[in-house]
Structures are given as structure tokens and as C-alpha cells.
Amino acid sequence: MKSYLAAAVQMTSVSDVDKNLTQAEDLIQLAVNRGAELVCLPENFSFLGDESEKTKLSTEIAEKSEKFLITIAQRYQILLLGGGFPVPVTDSNNGNLGKMYNTALLIGREGEELARYRKMHLFDVNLPDGNTYQESATVLAGTEMPPVYTSETYGNLGLSVCYDVRFPELYRHLSQNGANVMFVPAAFTAFTGKDHWQVLLQARAIENTSYVIAPAQVGMHTPRRQSHGHAMIVDPWGIVLADAGDRIGVAIAEIQPSRIDQIRRQMPSLQHRTFSCS
Ligand SMILES: O=C(O)CNC(=O)[C@H](CS)NC(=O)CCC(=O)C(=O)O
């Protein structure tokens with residue numbers, strides 16, 4: 001593993017796929033111009049809007065999203081994470097046709113698929129601000145534990161999506177499988193984000209002595225839907241290295257293998273576990 005720059009993109013996706021992909025490419029280009037070799041897009045980067053429209057367009061969104069990730073990774077010679085996009089369920093045995101998996105996809109520099117993960121925890125929550133989220137109405141929860149892509153160059157990259165960040169056992173699974181850089185691509189609500197987002201990211205980084213790269217949605221997507229922003233990169237000690245604030249942009253920071261080794265020597269908590277985790 002070497003030292004390199006990673007970028008967490010912060011964008012405002014809407015219900016226009018092509019417009020979102022154009023915005024994403026502009027921000028990727030910005031990150032690449034600043035030297036980023038690993039670029040991460042947030043959850044819902046290619047579509048954020050009406051759920052029934054998302055369902056109707058899901059085949060098109062899935063195809064365009066995958067093609068985009070492959071093309072752009074090759075064009076800019078980067079590792080590219082697509083933080084979450086709908087992929088229609090095609091397994092006709094499970095009786096869930098018409099639903100989608102909220103899928104994160106990591107693509108390599110030659111456009112090859114490195115890792116794929118289907119969001120396991122679905123955001124079915126009624127918030128005190130009056131907004132109701134029922135992700136399971138359109139999305140089927142993934143049942144396979146998130147993968148760790150082991151790279152000699154970039155470290156051991158663990159996948160997750162958004163609401164997963166509230167479930168520490170998932171990240172424990174990742175660190176037990178060798179992860180030392182973890183992705184938390186998100187579309188956190190403004191309401192929960194203001195109190196929980198940064199705390200959760202720092203907790204996951206500290207307890208797993210790992211980098212956390214958290215690209216985010218920001219601002220108004222629909223008249224009722226606002227995202228918190230603050231795409232950030234947190235180091236294995238829990239220090240926020242970069243924070244994109246509340247505007248469209250990128251948070252960029254250096255990922256240093258020596259820092260991981262140093263923190264894991266200084267704070268060997270991963271070696272002191274007494275509870276096992278499947
Ligand atoms: O619904 C959309 O179109 C965009 N958002 C998402 O897709 C997902 C599922 S609804 N959002 C979250 O998981 C937010 C979690 C969160 O905010 C928290 O844990 O507090």
C-alpha cells in the first residue's frame with residue numbers, strides 16, 4: 001500500500017439521470033485535477049427523487065450508472081466508487097420482482113468490477129420533522145455481507161451504504177476481514193445529519209482504527225427532501241481530515257498506510273476484543 005489522495009464527492013442529485021451524471025463527472029474531474037486516485041460518489045448519485053419514478057426508471061438508471069462508472073474510471077484512470085444506485089431484482093424465485101437493490105459498485109482503472117454490495121439496512125423511519133422514509137417499499141435488503149476489496153496499492157477497501165453506518169457490527173465485520181479504509185456513501189437527511197452524521201463516522205473510524213471515506217448528498221433534491229452534506233474523510237484516529245461543508249464540491253485527503261500502522265500500534269483495540277462477531 002502507498003500514500004495517495006482520495007476524494008469524497010458532494011453533490012445534489014435530482015430526478016434527471018443525465019444531469020446528475022454530468023454533475024458527477026464535473027466533480028470527478030475536479031478531484032482528479034487535484035490529484036485524487038480514488039474517487040467516491042454518494043448514495044443516489046444518479047437518481048434522487050420520487051420513489052415511483054425511480055422504480056419505473058430503475059432498469060435505465062442501473063444501466064446508465066454502471067456504464068458511467070466503467071467509462072469514467074477508465075477515462076480518468078482512477079478507482080471509482082458509485083455509492084448507491086437502484087438495480088432491479090431479477091431473481092424470480094424470491095417474489096420481489098419490481099423491487100430494487102440499493103447497490104454500491106467499486107470499479108478499477110481499467111473499468112473492471114472490483115466489488116459490489118447491496119445495502120443491507122433499509123431506512124424505514126418516521127422522523128420527528130414530519131418526513132417519512134420507507135426505503136423497503138421499493139428496495140429489497142441485500143443478504144450478503146459487504147465485501148472487502150484487498151489492494152496492494154490502495155489498501156483494503158470495505159463497502160457499506162448510508163444507513164448502515166448506524167450498525168457498528170457491519171464495520172466490525174469489515175475490519176475483521178482486513179479492511180482499513182471504509183466507504184460510507186450517503187444521502188443523510190438534514191434532520192438526522194446535524195446531530196448524528198459526523199459522530200457516527202468518527203466512531204466507525206476510531207473503533208476500527210480505519211480511514212472512513214464518506215461522500216454525501218447535499219441541499220434540496222425535492223421541495224421536501226434536504227440532505228445534510230458534509231462529505232468527509234476521517235483518519236484512523238478519528239480526526240476529520242477534510243469536510244466539504246454544505247456546498248457542492250469534493251473533500252480530498254491523503255490516505256497514508258504509515259498512519260494506519262502508527263494508530264494501530266498506539267491504540268491496539270482491534271486486538272483486545274473479547275466478543276466475537278460472525
Ligand atoms: O430516499 C432517497 O431518495 C435518498 N435516501 C436514501 O436513499 C436512503 C434511504 S431512504 N437514505 C438513508 O439511508 C438516510 C439515512 C439517514 O439519514 C439516517 O440514518 O439518519
Side-chain angles (χ1 to χ4, degrees), residues 6-28 30-31 39-51 53-54 57-58 61-62 64-65 68-69 72 80-86 100 102-105 117 119 121-123 125 127 129 131-135 138-139 159-166 182-201 204 212-234 240 242-252:
V9 168
Q10 174 152 298
M11 59 188 292
T12 305
S13 297
V14 291
S15 56
D16 181 333
V17 178
D18 295 331
K19 199 171 152 187
N20 295 333
L21 296 182
T22 301
Q23 181 180 168
E25 185 174 356
D26 286 346
L27 292 164
I28 291 165
L30 184 70
V39 181
C40 305
L41 300 173
E43 187 186 32
N44 300 313
F45 67 94
S46 52
F47 184 96
L48 209 164
D50 182 67
E51 291 298 306
E53 197 184 344
K54 181 161 92 178
L57 294 176
S58 58
I61 301 171
K64 283 190 173 175
S65 300
F68 173 83
L69 294 170
I72 298 296
L80 182 58
L81 177 81
F85 59 94
M100 307 160 276
N102 188 343
T103 308
L105 184 57
Y117 166 66
K119 188 183 189 187
H121 301 98
L122 302 183
F123 191 52
V125 177
L127 291 182
D129 69 355
N131 278 312
T132 295
Y133 299 87
Q134 194 67 32
E135 188 173 18
T138 54
V139 174
L159 274 64
S160 76
V161 176
C162 198
Y163 186 52
D164 283 333
V165 75
R166 293 180 184 273
M182 298 176 174
F183 302 129
V184 187
F188 240 62
T189 70
F191 185 85
T192 55
K194 66 184 187 326
D195 301 317
H196 297 168
W197 170 245
Q198 185 174 326
V199 181
L200 288 166
L201 295 173
R204 298 298 84 84
V212 168
I213 301 177
Q217 292 284 347
V218 67
M220 302 300 297
H221 309 285
T222 68
R224 290 197 54 196
R225 170 119 208 180
Q226 188 181 358
S227 291
H228 173 64
H230 293 278
M232 61 177 67
I233 299 180
V234 185
V240 177
D243 177 343
D246 57 8
R247 303 220 184 125
I248 289 168
V250 288
I252 296 184

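At least one side-chain heavy atom of Ser227 sits less than 4.5 Å from a side-chain heavy atom of His221. Considering only heavy atoms from C-beta on, Arg204 comes within 4.5 Å of Leu200 through its side chain. No side-chain heavy atom of Met220 sits less than 4.5 Å from a side-chain heavy atom of Thr12. Residues Thr189 and Leu127 are in side-chain contact: their nearest non-hydrogen atoms beyond the backbone lie under 4.5 Å apart. The shortest side-chain heavy-atom distance between Leu27 and Ile248 falls under the 4.5 Å cut-off. For the pair Val139/Lys119, no side-chain contact is recorded, criterion being any heavy-atom separation below 4.5 Å from C-beta on. Taking the side chain as every heavy atom from C-beta outward, Ile28 and Phe68 approach each other to under 4.5 Å. With contacts defined as side-chain heavy-atom distances shorter than 4.5 Å, the pair Leu105/Phe85 qualifies.
Heavy-atom contacts from other residues, nucleotides or ligands closer than 6.0 Å to NZ of Lys19 number 12 or fewer.
Residues Ala251 and Ile233 share a closest heavy-atom pair of O-CD1, 3.6 Å. Contact record, Ser65 with Phe45: CB-CZ, 4.0 Å, taken as the closest heavy-atom pair. For the residue pair Glu135 and His121, the shortest heavy atom distance occurs at OE1-O, 4.1 Å. In this structure, Pro215 and Cys40 approach most closely via the heavy-atom pair CB-O, 3.3 Å. Pairing each heavy atom of Ala62 with each of Pro86, the nearest pair is CB-O, 3.3 Å. For the pair Pro42 and Met11, the tightest heavy-atom approach, listed with the atom from each and the gap, is CG-CG, 3.7 Å.
Here the CG-NE2 distance, from Leu201 to His230, works out to 11.5 Å after rounding to the nearest 0.5 Å. Within the model, atoms CG of Leu21 and CD1 of Ile72 stand 8.5 Å from one another, a figure rounded to the nearest 0.5 Å. Atom CD of Glu53 sits about 4.5 Å away from atom OG of Ser15, to the nearest 0.5 Å. How far CG of Asp164 is from CZ of Phe123: 12.5 Å, rounded to the nearest 0.5 Å. Here the NE2 atom belonging to His196 is positioned 11.0 Å from the NE2 atom belonging to His228, to the nearest 0.5 angstrom. Between Phe183 atom CZ and Ser160 atom OG the span is 9.5 Å, to the nearest 0.5 Å.
Remark: side-chain polar atoms of Gln10 are not paired, donor with acceptor, to backbone N or O of Val218 under 3.5 angstrom. Side-chain N or O atoms of Ser13 include none that pairs as donor or acceptor with a backbone N or O of Asn20 at under 3.5 Å. Between the Asp26 side chain and the Gln23 main chain, no donor and acceptor come within less than 3.5 Å of each other. No donor-acceptor distance shorter than 3.5 angstrom exists from the side chain of Asp246 to the backbone of Gly219, with no hydrogens or angles considered. No donor-acceptor distance shorter than 3.5 angstrom exists from the side chain of Glu51 to the backbone of Thr138, with no hydrogens or angles considered.
Side-chain contact of Asn102 with Tyr163: a donor-acceptor pair under 3.5 Å is absent, judged by distance alone.
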Taking it one step at a time, do Arg166 and Thr192 satisfy side-chain contact (heavy atoms from CB on, under 4.5 Å)?
CA-CA 11 Å; Arg166 293 180 184 273; Thr192 55; 3.6 Å; yes
Evaluate side-chain contact (heavy atoms from CB on, under 4.5 Å) for Lys64 paired with Phe47, printing each intermediate quantity in order.
CA-CA 11 Å; Lys64 283 190 173 175; Phe47 184 96; over 6 Å; no
Let's go through Phe188 and Cys162 carefully: what are the C-alpha distance in whole Å and the side-chain angles of both, what is the deciding distance for side-chain contact (heavy atoms from CB on, under 4.5 Å) to 0.1 Å, and is it a yes or a no?
CA-CA 7 Å; Phe188 240 62; Cys162 198; 3.9 Å; yes
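The cationic group of Lys194 lies under 6.0 Å from the six-membered ring centre of Phe191 and within 45° of the ring axis, placing it in a cation-pi geometry.
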